[in-house]
Amino acid sequence: MSYETLLVEKRDRIALVTINRPDKLNALNARTKSELKDVLQMVRDDSDVDVVILTGSGPKAFVAGTDIKELTSLDEKSGREFSSSGQAVFDLIENLGKPVIAAVNGYALGGGAELAMACHIRLASDNAKFGQPEVALGIIPGYGGTQRLGRLVGKGKAMEIILTGDQVDAQEALRIGLVNAVVPLVDLLKAAEAMAQKIISKGQIAVRTALNAVNAPDESPLSSGQALEAELFGRCCSSDDFKEGTTAFLEKRKAVFKNR
Ligand code: COA
């Protein structure tokens with residue numbers, strides 16, 4: 001099957017899924033999310049695939065966030081739905097039943113950081129940069145970030161990253177436990193494939209059982225935390241600040257927030 005915004009390649013029991021909108025730094029639009037859902041369901045049910053690697057096209061970005069153009073029309077109700085439906089796609093990754101490795105090849109901002117965090121293992125290139133810049137747009141992370149970031153790096157660091165919107169470079173991401181390893185960009189896919197092959201060489205019943213076991217403690221608090229996240233994301237979408245933040249980005253100017 002061919003996709004408009006994804007490249008999918010299968011070899012040696014690995015499915016390599018590449019988000020392919022390099023001119024928009026692989027920002028996630030509705031099409032990408034729907035195609036991602038399709039591919040995830042397909043690889044989940046494909047007995048020839050044991051491990052999935054997720055990456056972005058080009059040398060600059062893994063995913064620079066959700067597509068800000070598609071945010072601008074959201075109101076409280078549609079914002080809540082937007083958040084819940086994105087969360088559902090990312091939950092599919094976390095609960096795929098097969099390991100998913102994120103090969104983070106540059107910017108992983110907003111939805112991009114959240115996408116990487118929904119994966120089971122994160123390898124970063126040396127030019128990778130992580131961040132949750134949503135507060136600059138008048139919203140909060142809406143694809144699981146408010147729940148998953150603290151689980152990975154601890155609540156204090158998660159608060160700092162989400163409240164300041166500051167970017168975290170690859171070495172800092174390694175230091176705080178946001179990524180498993182950092183490698184030169186040219187070696188990233190090779191490193192991800194080597195890790196995938198190591199996993200594939202083990203018993204897959206054990207690998208898949210371990211995946212479920214390690215995920216288990218997060219399960220119910222994550223779903224209730226995400227329901228709250230979607231509710232609050234929707235509320236942000238009804239604010240003037242959200243309209244101003246997204247419009248200012250698209251008009252390439254600094255946002256002037258009125259705090260209402
Ligand atoms: N949504 C929509 N378009 C995006 C995007 C996003 N999240 N991120 C980047 N783009 C687009 C830019 O608008 C630009 O498009 P254009 O060439 O048609 O003007 C193109 O991708 C290249 O981005 P540009 O900003 O020119 O690259 P840069 O190297 O100067 O800056 C970033 C890179 C990642 C720092 C910057 O693009 C950015 O801040 N992106 C938004 C990040 C964000 O807030 N994500 C969270 C969204 S919830």
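Counting convention: from 1, in listed order, for ligands and their atoms alike. All values reported here derive from a predicted model rather than from experimental measurement.
- No donor-acceptor distance shorter than 3.5 angstrom exists from the side chain of Asn105 to the backbone of Pro59, with no hydrogens or angles considered.
- Using a 4.0 Å cut-off to heavy atoms of Leu109, the atoms of ligand 1 that qualify are 34 (C), 42 (C).
- Atom 26 (O) of ligand 1 is never approached by the protein to below 4.0 angstrom, counting heavy atoms only.
- Closest protein heavy atom to atom 38 (C) of ligand 1: Phe249 CE1, 3.8 Å.
- For atom 33 (C) of ligand 1, the nearest protein heavy atom is under 4.0 Å away.
- Inside a 4.0 Å radius of atom 30 (O) of ligand 1 there is not any protein heavy atom.
- Inclusion of Gln167 in the set of residues having an N or O under 3.5 Å from an N or O of ligand 1 is not warranted.
- No side-chain heavy atom of Thr18 sits under 4.5 Å from any side-chain heavy atom of Val8.
- From the protein, the heavy atom lying nearest to atom 1 (N) of ligand 1 is Ile68 N, 2.9 Å.
- Between the side chain of Glu9 and the backbone N or O of Val17 there is no donor-acceptor pair closer than 3.5 Å.
- Protein heavy atom closest to atom 5 (C) of ligand 1, with residue, atom name and distance, is Ala27 CB, 4.1 Å.
- Among all protein heavy atoms, the one lying closest to atom 16 (P) of ligand 1 is Lys24 NZ, 3.6 Å.
- Close contacts of ligand 1 with Pro133, meaning ligand atoms under 4.0 Å from a residue heavy atom, involve 43 (C), 44 (O), 45 (N), 46 (C).
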Could you walk me through whether Arg11 and Glu193 satisfy the salt bridge (Lys or Arg N to Asp or Glu O under 4.0 Å) test, starting with their C-alpha distance in whole Å, then the side-chain angles of each, then the deciding distance to 0.1 Å, before giving a yes or no? CA-CA 10 Å; Arg11 61 165 186 267; Glu193 280 169 11; 2.6 Å; yes

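- Contact atoms of ligand 1 toward Lys252: 19 (O) (distance under 4.0 Å to a heavy atom of the residue).
- When all heavy atoms are compared, the tightest approach of Ala124 to Leu188 is C-CD1, 3.8 Å.
- Put simply, the side chain of Arg21 gets close to the backbone of Ala27: a donor and an acceptor are under 3.5 Å apart.
- Distances from ligand 1 to the non-hydrogen atoms of Asp23 include at least one value under 4.0 Å.
- Under the 30°/60° scheme for interplanar angles, the aromatic rings of Tyr143 and Phe90 are found to stand perpendicular.
- Heavy-atom minimum distance, Gln147 versus Gly225: OE1-CA, 3.3 Å.
- Of the protein's heavy atoms, Ala64 O, 3.4 Å lies nearest to atom 42 (C) of ligand 1.
- With distances taken over non-hydrogen atoms, the option nearest atom 23 (O) of ligand 1 out of Leu250, Asn26, Leu25 is Leu25.
- Listed here is the closest heavy atom pair of Ala113 and Gln132: CB-OE1, 3.4 Å.
- No donor-acceptor pair under 3.5 Å is formed between the side chain of Asp12 and the backbone N or O of Ile14.
- Under the 4.0 angstrom criterion for non-hydrogen atoms, Lys60 is in contact with ligand 1.
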